2 protein chains.
Amino acid sequence: MTEVRTRAIPEATVARLAVYLRVLTGLAEAGRGSVSSGELASAAGVNPAGLRKDLSYLGPCGVRGVGYAVPALRERLARALGVEQARSCVLVGMGNLGSALAGYAGFGTRGFTFVGLLDADPARVGDVVGGTAVRPVEDLEEVVAAHGVTIAVVTTPATVAQSVCDRLVAAGVRSIVNFAPVALAVPAGVDVRQVDLSVELQVLAFLDQQKGVDVVPHRMSEQVALP
Amino acid sequence: MTEVRTRAIPEATVARLAVYLRVLTGLAEAGRGSVSSGELASAAGVNPAGLRKDLSYLGPCGVRGVGYAVPALRERLARALGVEQARSCVLVGMGNLGSALAGYAGFGTRGFTFVGLLDADPARVGDVVGGTAVRPVEDLEEVVAAHGVTIAVVTTPATVAQSVCDRLVAAGVRSIVNFAPVALAVPAGVDVRQVDLSVELQVLAFLDQQKGVDVVPHRMSEQVALP
DNA sequence: TAATGTGAAAGTGTTCACAGCA
DNA sequence: TGCTGTGAACACTTTCACATTA
């Protein structure tokens with residue numbers, strides 16, 4: 001009845017709301033009762049006006065002239081992002097990256113539960129990561145069906161990512177985060193978010209190399225590296 | 001003299017150029033001599049027209065009516081991205097995520113060399129990852145200075161990320177990729193790219209939950225999971 | 001003729017400035 | 001008075017359609 005019609009939140013905003021939620025959780029644990037958009041924006045690494053616009057998609061959240069009530073805003077964001085309901089996920093590929101993700105405690109407090117950690121390597125099967133035992137990748141379909149999983153994380157080598165993806169989709173998964181450096185082909189109705197860690201470094205390097213060429217030749221305070 | 005004035009390549013384009021370069025390397029190794037924008041775009045997971053526009057920032061690269069010569073285009077992209085010159089990087093925080101990045105062989109072929117892998121945990125010091133031995137974090141300043149490092153990757157716990165960042169900047173680093181879930185404060189002239197793995201999952205989950213609410217109620221072909 | 005290269009249009013996201021309200 | 005909420009301007013990206021050329 002008091003259900004607010006949260007209309008069409010832009011994807012870029014959703015990503016930032018997740019960051020605000022994390023910052024607010026930290027503030028709440030520190031006992032803070034309220035924050036201004038300026039302080040919250042600074043802690044989240046964004047522009048204050050942009051933050052206020054982001055929050056405005058949820059309707060009025062704050063008190064003019066004062067700021068935002070930390071616990072109330074936190075709950076509002078949690079609800080908007082759907083953190084309240086537990087989500088069952090599977091993760092395929094328990095190498096270093098998969099282990100890092102599975103072991104990240106932050107997921108548990110945000111509604112995510114890894115009900116299946118899968119790997120093709122028998123040597124890794126049975127390892128316990130973040131409280132869950134690694135199972136053979138053969139169990140994929142069984143785990144997905146048993147828990148009604150709709151979200152999967154792929155951290156396998158690139159060579160097998162597509163076949164793993166096909167099996168996930170066939171089993172009923174509709175949303176996939178892919179860390180393998182290949183573009184996954186999926187049928188309509190299935191979402192893939194591609195995350196490419198090496199591209200981040202490459203973009204940074206590009207911007208870095210441009211620094212000297214940009215404006216004035218270069219500053220004296222910067223030492224030249226090569227002999 | 002034949003230096004082409006590559007003017008103002010958008011950041012979004014730079015990120016995709018890195019992906020194209022990876023795909024082209026695969027095609028070159030498979031012995032392919034040429035590709036069309038359609039095939040390249042499909043392998044990279046983008047729109048063909050967008051790919052052509054991306055490449056157009058480097059000037060004409062292809063042959064009308066035919067396509068692109070794989071080796072020539074590959075070299076062109078490599079030069080534009082600055083892959084040719086070797087870049088010295090340091091990585092701080094050799095947990096699972098740091099180990100995953102340090103062990104990724106793809107960096108070596110793209111001009112990146114990790115000249116320093118640093119960790120605060122004495123138990124990890126001395127481990128060899130990707131051919132490089134882990135050193136104590138106390139050596140940070142020494143490594144940065146010795147190799148003229150300007151690029152760093154931070155994969156430490158969130159609690160120490162800012163202090164590590166401060167030390168990196170003081171030592172001369174100008175570009176940082178930060179995987180710790182905190183916004184880093186840096187002086188002007190220093191670039192930070194924030195990568196937040198948990199946010200990716202959160203955005204995906206948000207879109208996933210919206211699927212049922214979107215357009216028509218839902219399709220018959222999709223099974224409902226919960227009992 | 002079959003593909004590239006590219007203006008122009010549409011869409012999306014960000015920033016600004018200020019009205020509105022405790 | 002101070003900070004939120006937001007329309008309007010701006011900047012950036014993507015998409016489309018088609019002229020262009022080997």
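Computed from a prediction, not measured in an experiment: that's the story for all the values here. Letters A, B, ... are given to chains in the order of the sequence lines, protein chains preceding strands, and every chain is numbered from 1.
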Colleague: For every nucleotide of nucleotides 14-22 of chain D, 5' to 3': is a protein heavy atom under 4.0 Å from its base (B), only from its sugar-phosphate (S), or from neither (-)?
Modeller: SBBB--BBB
Colleague: Could you give the CG-to-P distance, from A:Leu51 to D:dT6, as a whole number of Å?
Modeller: 14 Å
Colleague: Mind checking whether B:Leu55 and B:Leu17 have side chains closer than 4.5 Å, heavy atoms only?
Modeller: yes
Colleague: About how many Å separate OG1 of A:Thr150 and CD1 of A:Ile176, when rounded to the nearest 0.5 Å?
Modeller: 10.5 Å
Colleague: Measure from the side-chain N and O atoms of A:Glu29 to the backbone N and O of A:Leu24, and report whether any donor-acceptor pair falls under 3.5 Å.
Modeller: no
Colleague: At the 4.0 Å heavy-atom cut-off to chain B, mark where contacts on DNA chain C begin and end, going 5' to 3'.
Modeller: C:dA2 to C:dA8
Colleague: For atom CD of B:Gln162, is the number of surrounding heavy atoms from other residues, nucleotides or ligands below 6.0 Å larger than 12?
Modeller: yes
Colleague: Do you know the tightest heavy-atom contact between A:Ala185 and A:Asp166?
Modeller: O-OD1, 4.2 Å
Colleague: Keeping the roles fixed (side chain from A:Arg110, backbone from A:Arg22), state whether a donor-acceptor pair exists under 3.5 Å.
Modeller: no
Colleague: Is there a side-chain contact between A:Ser37 and the phosphate of D:dC3, meaning an N or O under 4.0 Å from OP1 or OP2?
Modeller: no
Colleague: If you apply the rule side-chain hydrogen bond (donor to acceptor under 3.5 Å, both in side chains), what do you find for B:Thr13 with B:Asp54, and how did you get there?
Modeller: CA-CA 6 Å; B:Thr13 291; B:Asp54 284 339; 2.9 Å; yes
Colleague: Kindly give the heavy-atom pair with the smallest separation between A:Leu51 and A:Ser37, and that separation in Å.
Modeller: CD2-CB, 3.8 Å
